[in-house]
*Asks:* 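Handing you a structure now.
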Number of protein chains: 2
Amino acid sequence: MNVVNESPRRKELTRLAAQLFVQEGFDRTTVRMLAHEMGIKSGSLFHHFRDKQEILAAVIEEGTQNALTIARRALGRCDTTPEARLHAMARAHLETLLTDRNAHVVALYEWRRLDPEARDHLSHLRDAYEALWEEVIDEALDAGLIHGDRFLVSRFVMGALNWTVRWYDPEGPRTPEELARELIAMLTSPVTLPSSASTMV
Amino acid sequence: MNVVNESPRRKELTRLAAQLFVQEGFDRTTVRMLAHEMGIKSGSLFHHFRDKQEILAAVIEEGTQNALTIARRALGRCDTTPEARLHAMARAHLETLLTDRNAHVVALYEWRRLDPEARDHLSHLRDAYEALWEEVIDEALDAGLIHGDRFLVSRFVMGALNWTVRWYDPEGPRTPEELARELIAMLTSPVTLPSSASTMV
DNA sequence: AGGTCAACCAAGCAAGCGCTAGTGTAAACC
DNA sequence: GGTTTACACTAGCGCTTGCTTGGTTGACCT
C-alpha cells in the first residue's frame, strides 16, 4: 500500500473515477465498478488508494486545483480594469467546465460524502478559489460597475455560474467566452457597456 | 399494501423521510433508518410505500407541488407590473426554502436517483414551475427591465436562486423579502429603480 | 544472481442492504 | 357477530458492499 504518492497511474485512475462518480453518484459507484473501469481487479485498487473515500478526495482535489490554476493565470494576463477582470474570471470558470467537468460536478454534488478530515483540507482549496472571486467582485463594486450587497452579490454570481454544470453543453453553439460576456452584461447596467451584444443566436 | 393513497400518515412519513434524505443522502439512508425515525419497524414501512424509490418520489412531488402553489398564489395577488411580478416570484421561491427546505434540497440533489417513470412524471411538475419563471422573465425582458438573451438570463437567475439552498440561513438577519429585492436590484439597471436600497445591513 | 518493489490477482469475510412472507390486532363496517 | 381493513410486527432470504489477506509477476538495480 503506497497510497500517498502522486504517480501518473494514480492520476489516470482518478480521472476515470471522476467519470464514474458523475454517471452513477459516489454511493452507487462500487469499488468493483471502479476497478473494472480501470482494467484491474477490485483488490488491486487498494494498492493505489487507502479506501474509497480517498478516491473521492483525489477527484475533488484535482479539479479544484486546476480551477485555481486556470483562474490565476487568467487574472494574470488580462487587463487591470474591473470589467476585464470580472470577465476573465467568468470565462476561466466556464472553461474549466470544458476541461474538468467531471471533477467539478463531483465537487459540487458529492462534497458532503467527504469525511471531516478531507473536507477540512479541501475547503481551504475551495476558499482560495472563492477568495479570487470575492476580490474581483469587490473591485467591480468599488468601481461602481455593479451594485448591491457584497455578500449577496458574490453568492448570486457563484450560484449562476456553478449552476451552469446542470445545463451547459460544451458541444452547443455558445462558447465560454460568450456566456461570460452575457453574464457580465446582465450584471452591469447597460450604459456602462457600449458594445452590448444583447441578442445572440 | 395500500401504497397509492394520500393518507395523512403517509404525508408525515414523507416529511420525516425528506429530513433524513437531506442529512444522509438518499443512497446512504437505509429503510431501517427511515423506519426508526418514523417509530416503526422496517417491514412496516412497505405498507405505506411500494419501495424506497417511491418514498423519494413522494418527497420530491410534495415539495414541487407546494412551490408551484405558492408561486401561483404570489403571482395572483401582486401588481401586474413586470417588476412586481419578478419580485413576487423571487420572494415566493425563497419563502418555500423556509417552509419546505428539505424537500427542495432533495429535489435538487437526488433527482438523478429517481427511476425513469418517476422522473418523467415529476419533470412535468418541475417544468410547470419553471414555465412560470420564464413567463415572468419574458415580461421583464419585453418591458426593458432586464436585458440579455432569454435562455441565458433565465438559466442564470434560476441558478442564483437555486444556489441559495447552499448558503441561505432562515435564522439569519436577511428575510426572503430582502433577498428578493437585492436580486432584482442586481439584475435591473439602477436608473429604473428609484428607491434603490443598495447598502443594507 | 540475488534482491527490491510497484502492481496486480484470487478468494473471501463480516456487515449491511432492500425487500418479502406470514402473522397479530384493534377498530370499522355490514 | 362476523368480515374486512389498516397498520404493525418478527424473522430472515438472497445478495452486495467495502475492504483484507496472502501470494504472484515482471521490470529494474547492484
Side-chain angles (χ1 to χ4, degrees), chain A residues 1-60 106 110-119, chain B residues 1-21 23-60 106 110 112-119:
Chain A
M1 309 143 183
N2 60 358
V3 160
V4 202
N5 71 1
E6 278 298 325
S7 66
R9 180 85 173 120
R10 189 177 142 124
K11 268 222 164 135
E12 171 66 8
L13 298 183
T14 303
R15 207 184 53 79
L16 287 169
Q19 189 188 338
L20 260 184
F21 287 163
V22 169
Q23 274 175 37
E24 307 287 330
F26 176 71
D27 289 321
R28 277 181 135 84
T29 304
T30 70
V31 294
R32 285 167 180 81
M33 290 164 66
L34 287 165
H36 178 76
E37 195 74 10
M38 297 165 177
I40 57 180
K41 298 299 183 195
S42 70
S44 314
L45 212 158
F46 295 92
H47 172 72
H48 300 279
F49 302 92
R50 192 185 342 260
D51 52 23
K52 198 185 164 190
Q53 276 280 334
E54 201 181 78
I55 308 180
L56 177 60
V59 167
I60 296 183
V106 171
E110 313 285 358
W111 182 266
R112 309 192 43 219
R113 308 290 161 251
L114 290 167
D115 54 32
E117 326 149 32
R119 183 153 38 194
Chain B
M1 308 145 185
N2 59 358
V3 158
V4 203
N5 70 0
E6 279 297 328
S7 65
R9 179 90 172 117
R10 189 176 143 124
K11 268 220 163 137
E12 171 66 7
L13 298 182
T14 303
R15 208 184 53 79
L16 287 169
Q19 188 187 340
L20 260 183
F21 286 163
Q23 273 175 37
E24 307 287 330
F26 176 71
D27 289 321
R28 279 179 133 84
T29 304
T30 70
V31 294
R32 286 166 179 83
M33 289 165 65
L34 286 165
H36 178 76
E37 195 74 11
M38 298 165 177
I40 57 179
K41 299 297 187 204
S42 71
S44 313
L45 212 158
F46 294 91
H47 172 72
H48 300 278
F49 303 92
R50 193 188 338 263
D51 52 23
K52 198 185 163 191
Q53 276 280 333
E54 201 182 77
I55 308 180
L56 177 61
V59 167
I60 296 183
V106 171
E110 313 286 358
R112 307 191 44 218
R113 307 291 162 251
L114 289 168
D115 55 31
E117 326 149 31
R119 183 153 39 196

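Each chain gets a letter, A, B and so on, in the order the sequences are listed, and its residues count up from 1.
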*Asks:* Which whole-number value in Å describes the distance from B:Phe26 CZ to C:dG18 P?
*Replies:* 8 Å
*Asks:* In terms of the nearest nucleotide of DNA chain C, which residue is placed more toward the 5' end: A:Gly39 or B:Thr29?
*Replies:* A:Gly39
*Asks:* Among D:dG18, C:dG18, C:dC19, which nucleotide has an atom closest to any side-chain atom of B:Thr30?
*Replies:* C:dG18
*Asks:* Is the shortest distance from a Lys or Arg side-chain nitrogen in B:Glu12 or B:Arg15 to a carboxylate oxygen in the other one below 4.0 Å?
*Replies:* yes
*Asks:* Can a side chain N or O of B:Arg50 be found less than 4.0 Å away from OP1 or OP2 on C:dC19?
*Replies:* no
*Asks:* Is there a donor-acceptor pair under 3.5 Å between the side chain of B:Arg32 and the backbone N or O of B:Ser42?
*Replies:* no
*Asks:* Indicate whether OP1 or OP2 belonging to D:dA8 is found under 4.0 Å from a side-chain N or O atom of B:Arg9.
*Replies:* yes
*Asks:* Has B:Lys52 got a side-chain N or O lying under 4.0 Å from the OP1 or OP2 atom of C:dG18?
*Replies:* yes
*Asks:* Can you measure B:Glu12 atom CD to D:dA6 atom P for me and round it to whole angstrom units?
*Replies:* 20 Å
*Asks:* Take the protein atom CE of A:Met33 and the nucleotide atom C1' of D:dG18, then report the distance between them rounded to whole Å.
*Replies:* 14 Å
*Asks:* Just compare C:dC9, D:dC19, C:dC19 and give me whichever is closest to any side-chain atom of A:Val31.
*Replies:* D:dC19
*Asks:* Round to the nearest Å and state the distance from B:Leu45 atom CG to D:dC9 atom C1'.
*Replies:* 13 Å
*Asks:* Does a side-chain N or O from B:His47 land closer than 4.0 Å to OP1 or OP2 of D:dC7, or not?
*Replies:* yes
*Asks:* Would you please confirm or rule out a distance under 4.0 Å between OP1 or OP2 of C:dC8 and any side-chain N or O of A:His48?
*Replies:* yes
*Asks:* Using modelled atom types only, decide if a donor and an acceptor are shared between the side chain of A:Gln53 and the backbone of A:Asp115 within a distance under 3.5 Å.
*Replies:* yes
*Asks:* Is the closest side-chain heavy-atom distance between B:Arg112 and B:Arg119 below 4.5 Å?
*Replies:* yes
*Asks:* Hey, does the side-chain of B:Arg32 have a donor or acceptor N/O within less than 3.5 Å of a partner on the base of C:dG18?
*Replies:* yes
*Asks:* With a 4.0 Å limit, can you tell me whether B:Ser44 has a side-chain N or O closer than that to the phosphate oxygens OP1/OP2 of D:dC7?
*Replies:* no
*Asks:* Using whole Å, what does the distance between atom P of nucleotide D:dT21 and atom CZ of A:Phe46 come to?
*Replies:* 12 Å
*Asks:* Which whole-number value in Å describes the distance from B:Lys41 NZ to C:dT20 P?
*Replies:* 20 Å
*Asks:* Looking at the side chain of B:Ile40, which of D:dA8, C:dC17, C:dC9 is the nearest nucleotide?
*Replies:* D:dA8
*Asks:* How many whole angstroms separate atom CD of B:Glu24 from atom P of C:dG16?
*Replies:* 14 Å
*Asks:* Once rounded to the nearest 0.5 Å, what's the spacing between atom CZ of A:Phe21 and atom CD1 of A:Ile60?
*Replies:* 9.0 Å
*Asks:* Nearest nucleotide by nearest heavy atom, which residue falls closer to the 5' end of DNA chain D, A:Asp51 or B:Leu13?
*Replies:* B:Leu13
*Asks:* CG of B:Asp115 versus C1' of C:dG18: gap in Å, rounded?
*Replies:* 15 Å
